[in-house]
Visitor: 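A single structure is presented below for examination.
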Amino acid sequence: MPIMKPQSLPGATPPAVTPLTAVLPLAVGLPALTAVFADRLGTPATAALAAVDLALIAAVGALAARADAEAKRARRDEDALDALLPLPATAADGVRR
């Protein structure tokens, strides 16, 4: 009977990775669009796109840090569960068998 939930299995994907992969193409594409259309757009629009680029890069960094922290926590929890598994069972009268 498995003790661990499927999310904490070694091959499971951390929950924050899915939003990270959804935002990553936008974080890569928006700076490219800003560079391509910088001549056609005015200065305020280019500055706004650059600010959005920086905010998006910061958000992707935060999501990556969160995914890393959750993966470390899952490994730590798994190690704690593994450390508890070899404990011997005790009978109702307190005698180990």
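Index from 1, following the sequence. Since we're looking at a predicted model, the values are computed, not measured.
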Visitor: Under 4.5 Å between side-chain heavy atoms, hopping through other hydrophobics if needed: is there a path connecting Leu56 to Val36?
Guide: yes
Visitor: Do Arg66 and Glu70 come within less than 4.5 Å of each other through their side chains, counting heavy atoms only?
Guide: yes
Visitor: When you check the gap from the basic side-chain N to the acidic O, do Arg75 and Asp79 get nearer than 4.0 Å?
Guide: no
Visitor: Check the hydrophobic clustering (I, L, V, M, F, W, Y; side-chain heavy atoms under 4.5 Å; chains of links allowed) and say if Ile57 and Leu63 are grouped together.
Guide: no
Visitor: First locate atom CG of Leu54, then atom CG of Leu49, and finally report the distance between them rounded to the nearest 0.5 Å.
Guide: 11.0 Å
